[in-house]
Amino acid sequence: MDPHPLFADRAIPARARLGPFLMRGLGPEDLDEDLAALRETEGALQGLFGDPADPWPAGITRDANLLDLCWHRREFLARRSFAWVIADPATDAYLGCAYVYPGFFAGAPLKAVWWFRASAMPGRYETRAAGFGRRFLDWLAGPDWPEAEVVALGLPALAPS
């Protein structure tokens with residue numbers, strides 16, 4: 001599998017520190033935490049990736065999620081798309097996920113997507129999630145990344161249900 005043309009000559013970090021957040025490559029070792037986070041935040045995540053009719057992650061099974069996580073790892077290693085766990089650097093607690101999806105056509109924007117699990121930050125959710133979004137978008141504008149338009153699809157104002 002060839003890398004996406006924007007990333008053919010780039011090494012995108014699998015780990016990054018963005019202020020009070022640690023990002024680490026998402027993969028099959030995150031299965032249990034990822035599945036729990038998806039299930040507790042299910043309603044808010046539906047349609048997050050741009051299609052309001054997309055029911056993901058409604059009804060996601062352990063096996064289906066494992067396939068998704070393996071796909072994310074393979075895509076990251078191939079430099080075709082990128083997915084990270086957003087974690088607390090002090091405890092490694094799973095707070096949510098962040099993704100970067102390049103477009104398929106020349107000049108298409110990068111899609112930047114992020115979400116936090118519903119229980120991630122009781123009492124300060126909106127402030128912390130919005131802070132992550134700003135840091136993530138600033139990082140995507142930095143030297144690790146190609147110059148490209150970025151479309152933000154994150155959920156900085158997602159509140160716990």
Can you find a pair of side-chain heavy atoms, one from [X] and one from [Y], that are under 4.5 Å apart?
| X | Y | answer |
| --- | --- | --- |
| M1 | R80 | yes |
| Y101 | L110 | no |
| R135 | P20 | yes |
| F21 | P89 | no |

side-chain hydrogen bond (donor to acceptor under 3.5 Å, both in side chains) with D144: which residues, sequence neighbours excluded? W139
How far apart are the closest heavy atoms of [X] and [Y], and which atoms are they?
| X | Y | result |
| --- | --- | --- |
| R39 | T61 | NH2-CA, 4.2 Å |
| A98 | M23 | CB-SD, 4.4 Å |
| E42 | G59 | OE1-N, 3.6 Å |
| R73 | G27 | NH2-CA, 3.2 Å |
| Y99 | C97 | OH-CB, 3.4 Å |
| L95 | D88 | CD1-N, 3.8 Å |

Test ring pair (Phe, Tyr, Trp, His ring centres under 6.0 Å) on H72 and F82; report intermediate values, then the result. CA-CA 7 Å; H72 284 307; F82 307 93; over 10 Å; no
List for me each residue that meets ring-ring contact (aromatic ring centres under 6.0 Å, His included) alongside Y94, sequence neighbours excluded, and say none if there are none. none
Please enumerate all residues that pass ring-ring contact (aromatic ring centres under 6.0 Å, His included) together with W56, with sequence neighbours excluded. F49
Over 12 non-hydrogen atoms of neighbours within 6.0 angstrom of CG in D51: yes
Should we count CZ of R74 as having more than 12 external heavy atoms under 6.0 Å? no
Please determine whether side-chain contact (heavy atoms from CB on, under 4.5 Å) holds for the pair D32 and R62, giving the CA-CA distance in whole Å, both sets of side-chain angles, and the decisive distance to 0.1 Å. CA-CA 8 Å; D32 292 330; R62 184 177 173 81; 2.4 Å; yes
Nearest 0.5 Å, please: how far is [atom2] in [Y] from [atom1] in [X]?
| X | Y | atom1 | atom2 | answer |
| --- | --- | --- | --- | --- |
| N65 | D34 | CG | CG | 4.5 Å |
| C70 | L31 | SG | CG | 8.5 Å |
| W71 | D68 | CH2 | CG | 8.0 Å |

Check: E40 side chain, R117 main-chain N or O, donor-acceptor pair, under 3.5 Å: no
Using a 3.5 Å distance criterion without hydrogens, assess whether the side chain of R17 forms a donor-acceptor pair with backbone atoms of G19. yes
Assess the residue pair F76 and W84 against the criterion (ring pair (Phe, Tyr, Trp, His ring centres under 6.0 Å)); give the C-alpha distance rounded to whole Å, side-chain angles, the decisive distance to 0.1 Å, and a yes or no. CA-CA 9 Å; F76 200 116; W84 299 267; 5.6 Å; yes
Single-linkage hydrophobic cluster [X]~[Y], side-chain heavy atoms < 4.5 angstrom:
| X | Y | value |
| --- | --- | --- |
| I60 | L67 | no |
| L26 | L77 | no |
| F132 | V100 | yes |

Of the options I86, L153, L38, which is the one that meets W115 in a side-chain contact (heavy atoms from CB on, under 4.5 Å)? L38
Taking 4.0 angstrom as the limit, do R24 and D92 come out as a salt bridge? yes
